[in-house]
Amino acid sequence: MNYKVIDKETYYRKGVFRHFTEDCTCSTSMTARIDVTDLVRYSKMTETKFYINFLYIMSKVLNSREDYRMGYLREKDELICYDVINPIQYIFHKDTETFTLVYTEYDEDYEKFYAAALRDAEEAKKTREYGFDIMNHPNWFDASCIPWLSYDSMHLELPDVHMFFAPVVNWGQYKEENSRLVMPVTVRLNHAIADGYLVANVFRLLEQEIQLFAGL
């Protein structure tokens, strides 16, 4: 895990950062329906898991820009940017109706990432422990699928961690609309390091990467 320290005096969002860490601590989240028709088609054609394919694309998008890889070292009061951030998967256990957290390292090489994500998920199915270990995984972002519902909006409260900068991403069940498959995706970012443009940009990049991934 490597990172660089951001000089808060020359940080391009200096004024916004100060305001949303001192005057008005808050996060911003957005839900949008994205077209996943081509990704579903690709997953079926290649007999790969749509879930892991989407997780890979989301991880690629969030690693594409420094604004999405920010962190904060409380003991040093340092704003930092990680070289890479990794996704936390959630594996659902039907028998207990609980989840186990899975820490899968992001690799830009799709085949390596896919194999690792699949292996990690299979291992998680063997336990019923929650597996929360954030102290050893500071450069990780939350990626959670809600496959039981195609929702319209979602809101996540983080009232006591206003200096928590890791992205939080959720996505729901895709469904057919106008002969296309659309899926709700929710992206939450701390307002100190991201505004509406940067949140909306995640969705734009997602759609672009899906097209590239599916070979279109």
Side-chain angles (χ1 to χ4, degrees), residues 1 27 29 31-34 36 39-63 68-69 71 82 84-151 153-158 161 164-175 181-189 202-203 206 209-210 213-214:
M1 176 193 64
S27 296
S29 63
T31 298
R33 293 181 178 273
I34 66 170
V36 294
L39 184 58
V40 172
R41 182 184 298 118
Y42 173 89
S43 301
K44 291 180 178 179
M45 180 181 65
T46 57
E47 297 184 338
T48 54
K49 294 183 178 296
F50 169 86
Y51 164 79
I52 297 180
N53 290 341
F54 182 76
L55 185 67
Y56 169 77
I57 293 171
M58 176 60 74
S59 299
K60 185 178 181 181
V61 166
L62 293 179
N63 274 285
Y68 306 138
R69 306 197 309 267
Y82 293 107
V84 63
I85 56 175
N86 306 296
I88 299 175
Q89 300 186 57
Y90 284 79
I91 300 303
F92 181 68
H93 306 294
K94 292 183 179 180
D95 58 337
T96 57
E97 296 183 346
T98 59
F99 289 89
T100 293
L101 273 66
V102 182
Y103 297 94
T104 297
E105 292 189 4
Y106 170 66
D107 195 310
E108 191 174 358
D109 185 307
Y110 164 69
E111 292 186 356
K112 291 181 179 178
F113 178 84
Y114 188 93
L118 186 61
R119 180 194 64 237
D120 294 343
E122 290 301 317
E123 284 297 313
K125 292 178 182 179
K126 301 175 183 178
T127 181
R128 295 297 180 271
E129 296 295 324
Y130 185 52
F132 184 73
D133 186 25
I134 197 65
M135 294 301 294
N136 292 315
H137 300 85
N139 59 321
W140 297 71
F141 71 92
D142 202 271
S144 179
C145 178
I146 307 171
W148 309 277
L149 181 68
S150 181
Y151 59 86
S153 65
M154 180 177 180
H155 182 66
L156 176 69
E157 290 282 357
L158 293 173
V161 283
F164 180 79
F165 295 149
V168 178
V169 181
N170 299 89
W171 64 96
Q173 181 185 78
Y174 59 75
K175 67 177 183 179
L181 297 175
V182 296
M183 184 175 75
V185 179
T186 303
V187 177
R188 175 268 182 197
L189 290 167
V202 173
F203 298 97
L206 269 176
E209 289 298 330
I210 285 175
F213 184 84

Item to check | Contact summary for Tyr82 and Gly71, nearest pair of heavy atoms | outcome: CE1-CA, 4.0 Å
Next on the checklist: Could you check whether any side-chain N or O of Tyr56 sits under 3.5 Å from a backbone N or O of Glu108, counting only pairs where one atom can act as donor and the other as acceptor?
Outcome noted: yes
Checklist outcome for this item: Rounded to the nearest 0.5 angstrom, the CD1-CD1 distance for Ile88 and Ile134 is 4.5 Å
Checklist entry - Measuring from Tyr68:OH to Leu189:CG, what's the distance to the nearest 0.5 Å? => result 7.0 Å
Checklist outcome for this item: Heavy-atom nearest pair, Trp140 first then Ala166, reads O-CB, 3.4 Å
Next on the checklist: Closer than 3.5 angstrom, by distance alone: can the side chain of Asn86 be matched with the main-chain N or O of Tyr106 as a donor-acceptor pair?
Outcome noted: yes
Checklist entry - Would you call the rings of Phe99 and Phe92 parallel, tilted or perpendicular, where under 30° means parallel and over 60° means perpendicular? => result tilted
Checklist outcome for this item: Between Gln173 and Pro147, the two heavy atoms sitting closest are NE2-O, 3.2 Å
Item to check | Worked check of side chain to side chain contact (heavy atoms under 4.5 Å, CB included) between Phe141 and Ser59 | outcome: CA-CA 9 Å; Phe141 71 92; Ser59 299; 3.5 Å; yes
Item to check | Closest contact, heavy atoms only, Phe203 versus Val187 | outcome: CZ-CG2, 3.7 Å
Checklist entry - Say you draw a straight line from CG of Leu62 to CZ of Arg69; how long is it, rounded to the nearest 0.5 Å? => result 10.0 Å
Checklist outcome for this item: Rounded to the nearest 0.5 angstrom, the CG-CD distance for Leu39 and Glu209 is 11.5 Å
Checklist entry - Where does the angle between the aromatic ring planes of Tyr130 and Phe132 fall among parallel (under 30°), tilted (30 to 60°) and perpendicular (over 60°)? => result parallel
Checklist entry - Is there a side-chain contact between Val185 and Phe54, using heavy atoms and a 4.5 Å cut-off? => result yes
Next on the checklist: Quick check for you: to the nearest 0.5 Å, what is the distance between Met183 atom CE and Leu181 atom CG?
Outcome noted: 10.5 Å
Checklist entry - Do Asn139 side-chain atoms and Val84 backbone N/O form a donor-acceptor pair below 3.5 Å? => result yes
Item to check | Sidechain-backbone polar pair: His155 side chain, Ser29 backbone, donor-acceptor under 3.5 Å | outcome: no
Next on the checklist: Any carboxylate oxygen within less than 4.0 angstrom of a Lys/Arg side-chain nitrogen, looking at Asp95 and Arg128?
Outcome noted: yes
Checklist entry - Looking at Ile34, Thr186, Leu55, which hits side-chain contact (heavy atoms from CB on, under 4.5 Å) with Trp171? => result Leu55
Next on the checklist: Quick check on Glu105: does its CD atom have over 12 non-hydrogen neighbours (other residues, nucleotides or ligands) under 6.0 Å away?
Outcome noted: no
Item to check | ring pair (Phe, Tyr, Trp, His ring centres under 6.0 Å) between Phe50 and Tyr174, intermediate numbers included | outcome: CA-CA 11 Å; Phe50 169 86; Tyr174 59 75; 5.2 Å; yes
Item to check | Pair Tyr151-Thr31, side-chain donor/acceptor within less than 3.5 Å | outcome: no
Checklist entry - Does the ring centre of Phe213 sit less than 6.0 Å away from the ring centre of Tyr110? => result yes
Checklist outcome for this item: Note: Leu101 and Gly131 closest approach over all heavy atoms is CB-O, 4.0 Å
Checklist entry - Should Pro167 and Ile85 count as side-chain neighbours, where that means a heavy-atom distance under 4.5 Å? => result yes
Next on the checklist: Check this for me, if you would: do Glu122 and Lys125 make a salt bridge, where the nitrogen-to-carboxylate-oxygen distance has to be below 4.0 angstrom?
Outcome noted: yes
Next on the checklist: Side chains of Leu156 and Asp142, heavy atoms from C-beta outward: is any pair under 4.5 Å?
Outcome noted: no
Checklist entry - What closest approach, in Å, do Ala124 and Val102 show between heavy atoms, and which atom pair accounts for it? => result CB-CG2, 3.3 Å
Checklist entry - Checking Ser144 side chain against Asn170 main chain: does a donor-acceptor pair fall under 3.5 Å? => result no
